[in-house]
Amino acid sequence: MLYVGVDLGTSSVKLLLMEENGEIKNIVTREYPLYFPKPGWSEQKPEDWWEQFVSGMKELLDGFDRSQVDGISFGGQMHGLVILDRDDHVLRPAILWNDGRTQEECDYLNITVGREKISAYTANMALTGFTAPKLLWVKKHEPEIFTKIEKIMLPKDYLAYRLSGVHCTDVSDASGMLLFDVKNKCWSKEMMDIVGIREEQLARVFESYQAVGTLTAQSAAELELPESVRVIAGAGDNAAGAVGTGTLEHGMCSVSLGTSGTVFIATDEFAVDAENAMHSFAHANGRYHFLGCMLSAASANKWWMDEIIGTKDYPKEQEGIRRLGDNQVFFLPYLMGERTPHNNPNARGTFVGMTMDTTRADMTEAVLEGVTFALRDALEIARSFGVKIERVRLNGGGAKSPLWCRIVANIMNVKVDKINSAEGPGFGAAILAAVGCGRFASVEEAAAKLIKVVSTTEQEQELVEKYEKKYQVFRKIYPALRPVYDEIVK
């Protein structure tokens, strides 16, 4: 049988076709526009997601026996606000995870209502990317739209609805809405009252590996698939990516060097970081996870290469970097503000320590190191409350660089494992589809059979010591510059 994994990203949708033995048979990517109506705003049209998904599916399945497609599931960009009216028409463009317009709403939730209360209700604090502050923004600034809201959804769930006719979401993605009681895996009545919505406006919640239904007659005809194809709830991109790397057992850690960067730590039991610097979310395997998220990871390197240096030959630029640990240039990768651990939308990207001897290679190296130092900030938070992490599974576009793998191993002082697939959320989504269709008894069984470690990058003691000294310097730069960032943004 064949299983489709859908990775609904910020710039494109990636579709992956997997056989039940884990072999990836085809991958198709379709891009769609990203809109910035005002500085700091970020929106997309859900209709664009559906249009490109349908187009991509036709190419994905071209030449394959469509009757063998058993299930479809998803990994998707989190937090985005999709709102429908009573006729299931989209009311406005989706407000995305990287939209920063809701600082006033976050201040209301964290300060007026109180961070402790919000955390007690949802296990997290309010951040500009989360969904509940977006609803408060629409309520205040677009009241005529707010009154028409019949259903509140997340990006990937819009695709699931268009396929199955079911208004659904999953526990991992719902965890990032600030409307979900993560511990008890249900909608929070207190948060619904604060925001001013009713439970019937929210989607039905499933575990990530559960089937929400099958294809409607209309979607089956449009995709030229049998109506019996099952639609599986899927997961937020980070949880789906963790499934795709096999990061499931208690204490396992994966690090993503994607557009954003994440430190994902699986845990069997629910727990909350007292300072809310790490997110506490449900996992796609029925358990929980901690998540540290930085907003610019591989995208910081892409910015440096594409926009500043003006090259697409990333490996060639890294060839000139030979003496790791000796670079005196530091880079703070806060090009879109920052979440973990600073929670500061005013933070900005910054180079520090340049001299007349600084080279292009030094600055390229500083970007790779700066992203990794920032990810270590999240790792150190987890270590501070007793999580012992000795190895990580690396994924995302940045993981393709052997140099960056080496930098991660030595800055974080961990063994870095790479697995047999680099497809992250798409592969994880396909695995969830197979589990939801009964091909495997559990997510853990599927991962054990389909995911293998193919290489390991180990630490080098001399480099670990050099990077430890550099990290202690890196940690001092943001506090020193924070007042300056606030002045810049005013």
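The residues of the chain are indexed from 1 along the displayed sequence.
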Would you say the side-chain atoms of K134 pair up with the backbone N or O of G129, donor to acceptor, closer than 3.5 Å?
yes

Only counting residues at least two apart or in another chain, list the ones meeting side chain to side chain donor-acceptor pair (under 3.5 Å) with D326.
R323, K466

What are the two closest non-hydrogen atoms of A174 and L154, and how far apart are they?
N-CD1, 4.0 Å

Side-chain heavy atoms of R230 within contact of D70, under 4.5 Å
yes

Salt bridge (charged side-chain N to carboxylate O under 4.0 Å, His left out) pairs touching residues 291-301, sequence neighbours excluded, are none

Applying ring pair (Phe, Tyr, Trp, His ring centres under 6.0 Å) to Y478 and not counting sequence neighbours gives Y334, H342

A quick test of your reading: do over 12 heavy atoms of other residues, nucleotides or ligands sit less than 6.0 Å from NZ of K183?
no

Does T102 form a side chain to side chain contact (heavy atoms under 4.5 Å, CB included) with I95? I'd like the steps, not just the answer.
CA-CA 10 Å; T102 62; I95 306 176; 5.9 Å; no

So, does D362 use its side chain to make a donor-acceptor pair with the main chain of T359 at under 3.5 Å?
yes

Inter-residue atom distance E31.CD - D48.CG, 0.5 Å rounding:
12.5 Å

Euclidean distance, L96 CG relative to W41 CH2, rounded to 0.5 Å:
13.0 Å

Residues N124, T122; criterion side chain to side chain donor-acceptor pair (under 3.5 Å); working and verdict:
CA-CA 5 Å; N124 296 282; T122 69; 4.7 Å; no

Please check if the side chain of S73 supplies one atom and the backbone of I232 the other of a donor-acceptor pair under 3.5 Å.
yes

Neighbour count above 12 (heavy atom, 6.0 Å) for E19 CD
yes

With D417 via side chain to side chain donor-acceptor pair (under 3.5 Å) - residues at least two apart:
R391, T456

What pairs with F281 under ring pair (Phe, Tyr, Trp, His ring centres under 6.0 Å), at least two apart in sequence or on another chain?
H279, H289

To the closest 0.5 Å, what do you measure between CZ (F373) and CG (L379)?
13.5 Å

Q68, CD atom: more than 12 neighbouring heavy atoms under 6.0 Å:
yes

For V443 and L432, work out which heavy atoms get closest and say how close.
CG2-CD2, 4.0 Å

Among pairs that include at least one residue of residues 419-431, which meet side-chain hydrogen bond (donor to acceptor under 3.5 Å, both in side chains), considering only residues two or more places apart or in two chains?
K14-E423

Gap between atom CG of D65 and atom CG of L2 - 0.5 Å precision
7.5 Å

Evaluate T245 against N395 for side chain to side chain donor-acceptor pair (under 3.5 Å), listing each step before the verdict.
CA-CA 8 Å; T245 58; N395 64 95; 4.7 Å; no

Step-by-step side chain to side chain contact (heavy atoms under 4.5 Å, CB included) determination, D170 to Q210:
CA-CA 9 Å; D170 82 286; Q210 289 181 319; over 6 Å; no

Could you pull out all residues at least two apart from F180 that satisfy ring pair (Phe, Tyr, Trp, His ring centres under 6.0 Å)?
W187

Is a donor on one side and an acceptor on the other found under 3.5 Å between the side chain of K452 and the backbone of A448?
yes

Go through the steps for T311 and E317 under the test side chain to side chain donor-acceptor pair (under 3.5 Å), then give the verdict.
CA-CA 9 Å; T311 181; E317 290 299 321; 4.5 Å; no

Please walk me through it: do L163 and L223 pass side chain to side chain contact (heavy atoms under 4.5 Å, CB included)?
CA-CA 10 Å; L163 289 171; L223 296 173; 3.5 Å; yes

What pairs with F270 under ring pair (Phe, Tyr, Trp, His ring centres under 6.0 Å), at least two apart in sequence or on another chain?
Y288

Tell me, which pairs form a salt bridge (charged side-chain N to carboxylate O under 4.0 Å, His left out) where one or both residues lie in residues 401-411, sequence neighbours left out?
R406-E460

Kindly list each side-chain donor-acceptor pair under 3.5 angstrom involving residues 252-259, sequence neighbours excluded, with atom names and distances?
none

Donor-acceptor pair, distance only, cut-off 3.5 Å: does the side chain of D181 make one with the backbone of C186?
no

Take Y3 and V229, measure what side chain to side chain contact (heavy atoms under 4.5 Å, CB included) needs, and give me the verdict at the end.
CA-CA 10 Å; Y3 300 94; V229 173; over 6 Å; no

I'd like to know if the side chain of S384 and the backbone of I381 have a donor-acceptor N/O pair within less than 3.5 Å.
yes

With rounding to the nearest 0.5 angstrom, report the CZ to CZ distance, F130 to R339.
5.0 Å

Which value, rounded to the nearest 0.5 Å, describes the distance between L15 atom CG and M57 atom CE?
6.5 Å

Residue pairs passing the salt bridge (charged side-chain N to carboxylate O under 4.0 Å, His left out) test where at least one lies in residues 367-382, sequence neighbours excluded:
E369-K470, R376-E380, R376-E468, E380-R383

Donor-acceptor under 3.5 Å (T128 side chain, G100 main chain)
no

Over all heavy atoms of both residues, which pair between A284 and S208 is shortest? Give the atoms and the distance, please.
CA-OG, 3.4 Å

Applying salt bridge (charged side-chain N to carboxylate O under 4.0 Å, His left out) as the test, list every pair that has at least one member in residues 242-269; sequence neighbours left out.
D268-R287

Just wondering, are more than 12 heavy atoms of other shown residues or ligands nearer than 6.0 Å to CZ in R475?
no

Kindly say whether the aromatic ring centers of W50 and Y161 come within a distance under 6.0 Å.
no

Side chain of E338, backbone of L295: donor and acceptor closer than 3.5 Å?
yes

Run the side chain to side chain donor-acceptor pair (under 3.5 Å) test on T372 and W404 for me, step by step, so that the C-alpha distance in whole Å, both residues' side-chain angles and the decisive distance to 0.1 Å come before the verdict.
CA-CA 9 Å; T372 312; W404 212 344; 3.0 Å; yes

Salt bridge between E51 and R30, side-chain N to carboxylate O under 4.0 Å?
no

What pair of heavy atoms forms the shortest contact from L394 to C405, and how long is it?
CD2-SG, 3.5 Å

Is the shortest side-chain N to carboxylate O distance from D173 to K156 below 4.0 Å?
yes

Quick one: closest heavy-atom pair of D99 and S42, and the distance?
OD2-N, 2.6 Å

Give the minimum heavy-atom separation between Y467 and E365, together with the two atoms involved.
OH-OE2, 4.3 Å

Close side-chain approach of Y32 and V13, heavy atoms under 4.5 Å:
yes

Under a 3.5 Å distance rule, please check whether S296 uses its side chain to pair with a backbone N or O of S299 as donor and acceptor.
no

Within the distance-only criterion (no hydrogens, no angle test), does the side chain of Q328 pair as donor or acceptor with the backbone N or O of G353 below 3.5 angstrom?
no

